[in-house]
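Every chain is numbered from 1 and lettered A, B, ... according to where its sequence line falls, protein lines coming before strand lines.
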Amino acid sequence: MSEGTPVRLAVPFINEEMVERFFLRNPHLQGADITPLDNRERGVGLPVLYNEFIAANLERDAWLFFLHEDFEFLGPLPELSGLRTEAVYGTFGARLEGRKPCMYGRHTCSNKDGSNARKTGIEIAAPTWVDTLDCQSILLHSAMLRAHPGLRFDEGLSFDLYAEEFCLNAQENHGLSVMVLPARFQHYSYGRIIERYREGLAHLAERYPDSAVPGTCTFIGGRAAELEAGFTYDNKALQAEAARR
Amino acid sequence: MKWQKRSLARRSTLSFPAIEQLICQHEIVLLPIVDGLLCWRLRDEAGLFDWLERRHQADGFAQARAKAEWLARRRPGTGGDAHVSLAQIHDVLSELMPDCTITAEIEQEAAGRFLLPDPATRTLLETARAAGLRGVGLNTHALTRAFLEGLLQRNELELDAIHEPQTSSDRASFLASIAPSEQADPAVMLHVGSSEKAETEAVTRAGMTALAMRTRSEDLQDHPPSFAVPAEGPAAAFITGQLALITPLSEAEETPLYQLGYLLGGPILLSYCLDLLRRLGCPGDGSVAISAQAARLVRDGLEIMGAAQAAHSRLVIADGIGGGHSDEGPAGFLVNWSEMDDASAMLLQGTEILDFLLSEAPQMPGATSARRAAGQLDAQGGALDFLRNSSPDLADLDAEAFRATSRAALMRLLLAPNEQERYALGTVPVSKSETLADSLEPRQPGANTAIPPETELLRLTQTLRDLLPRDLMRLAESGELAAIDWREELRKKPFKIGRWATLRRYRRRIEDRLRNRQDGGA
């Protein structure tokens with residue numbers, strides 16, 4: 001358990017206005033320990049920045065909250081007291097139910113400019129287990145990271161699928177549970193599926209040849225095709241990409 | 001023993017003599033306990049989690065329980081191969097489902113209900129022991145050793161030793177540890193295991209001989225149901241649709257009464273229990289009556305189907321010759337014949353057949369009491385096994401489709417029984433000298449086994465009409481039935497509710513039939 005443990009927010013950014021508006025001037029985060037990670041010049045993959053942040057904060061007990069710059073809390077931070085440190089947490093994730101992936105963590109999803117906003121995800125009242133988390137947010141305890149030195153972000157990935165990979169690694173190799181926490185937030189995230197995402201999927205299929213889990217956009221793992229045979233994601237970005245091909 | 005040997009050979013790539021020869025070439029036979037000597041009388045182990053979820057109304061339990069074991073086996077970092085206890089699994093489960101009320105003890109108790117001896121593996125053990133070999137059990141399951149020892153003892157499965165892996169050890173380490181424990185060369189050990197390639201390879205690497213034998217669950221999945229395959233329409237939907245029922249062909253060579261219980265009694269009992277569950281699930285404090293004869297079986301059936309305790313407490317057992325009434329109408333036997341066109345009424349009529357097959361003292365002319373008892377156990381076992389095998393799919397069951405299918409299966413069986421079914425029906429008396437088989441025509445080659453046409457319904461109705469509960473039949477045969485007034489019975493024996501209620505319904509049925517006839521009805 002982790003009562004009184006500090007919470008450190010790590011926010012990599014290339015858009016300074018966003019990190020200012022959603023984090024530094026967010027009234028719900030007043031007094032929070034926020035570390036903006038400027039990636040404008042370096043342009044490295046987020047796993048590299050996240051692993052550096054872990055290394056810098058490993059020795060002292062703390063919750064490390066990795067958040068995208070386009071993530072805005074619309075309420076207070078999730079309740080962390082009473083949470084087990086030996087688990088991986090996030091605010092939005094997918095679980096396979098029968099042949100269908102179900103998304104947990106109700107929130108508003110919109111374009112970068114806030115347009116086309118709509119609600120997505122199943123509402124939860126308490127921590128709920130899932131198979132994978134979305135990259136938008138991931139919360140880890142430094143004690144868990146110290147106990148599992150093999151559990152770090154995969155630097156072979158750059159901007160997509162690293163949270164999903166982290167969840168696969170945590171479950172497959174360390175037997176850790178993955179949970180979604182209730183929170184109020186908006187994700188300014190509609191984007192395009194690009195070749196980088198496809199390469200990430202291939203990377204995961206190679207790294208986890210016997211796995212098949214649902215992600216929030218696609219199935220993931222070497223046996224994903226088996227799940228794809230039973231369900232097709234209603235994903236406009238994917239459909240648009242297929243149309244472009 | 002003959003059919004067990006055939007069943008055993010079917011699950012291996014070897015014939016029984018070849019298996020026997022292989023056994024004799026070794027000194028120690030290693031047999032898996034769970035999914036080996038004891039097999040799941042469910043479609044698979046996941047069916048147990050579904051059952052517990054329904055029974056305890058714990059939404060999401062089945063999925064979380066499976067995930068918890070998956071995680072627990074990976075927690076030591078051995079790639080999912082680690083040996084874990086039920087307590088460890090439930091520790092992980094408490095992370096995923098903090099409010100879960102199903103404990104490791106409850107799950108263990110439930111496992112005991114559904115783990116029964118696998119006749120084919122028992123044959124293998126007996127063959128080994130007859131040849132003077134050591135029979136050694138291997139437990140890689142999460143259930144505790146003490147619990148499994150109790151189950152084995154209860155089922156008269158005697159082993160010389162039991163080995164289980166150290167906590168957190170993987171399969172390879174476990175197999176390597178057996179020879180030192182047995183103080184024997186691995187080359188004298190025959191390991192009976194699943195047909196999983198990884199397991200066979202691990203055994204071979206440990207220096208033992210691997211006899212790959214498909215588990216009973218795998219065997220069930222490989223064989224389609226026998227009784228409804230030719231049927232079309234709802235019956236086909238029954239097979240391929242909501243209820244992926246699998247007939248245990250490993251039992252297909254068992255006694256005809258077991259089969260009759262499984263194929264006929266099972267679907268009827270399931271339909272009956274579904275109907276009861278629906279009634280018991282309705283709000284209110286009303287009770288539902290069932291006959292004393294069917295009480296034990298129905299209670300067992302409801303339990304297998306995961307009915308909550310509250311449902312059980314609303315069941316009222318009516319003493320006497322028939323069933324009783326719920327607020328909504330007939331709940332047991334002797335429903336109104338004028339409702340024969342209704343599928344659910346048809347199935348309620350079917351419970352009368354069930355009554356014959358599964359009553360405490362079934363009438364089997366010419367049979368000794370020992371044979372009667374054996375026949376009763378066979379038929380009851382078959383019907384309950386049907387429920388056990390089908391209960392994992394109940395959540396997806398389309399009750400209406402199932403009723404229609406059961407009706408089709410019942411009609412098919414009565415109108416066109418195969419030789420084995422005919423033999424079994426021959427044990428069901430319909431009068432002092434005749435059995436049900438006497439009133440049926442033998443099946444013609446290529447006979448249509450789909451739902452019979454409407455004209456056949458009348459014939460079936462006549463057949464079913466013959467199947468009155470035996471007490472009522474006895475009264476009819478003695479000539480007293482027509483003279484008995486249910487009101488008199490009520491006054492004389494007010495607490496024999498089932499008896500006078502049945503007589504009342506019988507009287508009303510006669511009156512209804514007369515009225516129908518006068519109205520030009522059937």
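Interface remark: of the candidates S177(A), G150(A), A126(A), P127(A), S177(A) forms the most heavy-atom pairs closer than 4.5 Å to chain B. Between chain A and the residues M97(B), Q63(B), R73(B), the largest count of heavy-atom pairs under 4.5 Å involves Q63(B). Contact count against chain B (heavy-atom pairs under 4.5 Å) is highest for H174(A) among E86(A), H174(A), E97(A). For chain B, the option among N173(A), L176(A), T128(A) with the highest count of heavy-atom pairs below 4.5 Å is L176(A).
Side-chain atoms of T91(A) and F185(A), non-hydrogen and from C-beta on, do get closer than 4.5 Å to each other.
Neither the backbone nor the side chain of A68(B) comes within contact range of chain A; no heavy atoms are under 4.5 Å apart.
Electrostatic pairing of R223(A) and E226(A) counts as a salt bridge here, judged by a charged N lying under 4.0 Å from a carboxylate O.
By the side chain to side chain donor-acceptor pair (under 3.5 Å) test, N139(B) pairs with E164(B), sequence neighbours left out.
Aromatic ring pairs are classed by plane angle as parallel below 30°, tilted from 30° to 60° and perpendicular above 60°; the pair H68(A) and H187(A) is tilted.
Remark: R8(A) is not positioned above the aromatic ring of W63(A), lacking an NZ or CZ atom under 6.0 angstrom from the ring centre and at most 45 degrees off the axis.
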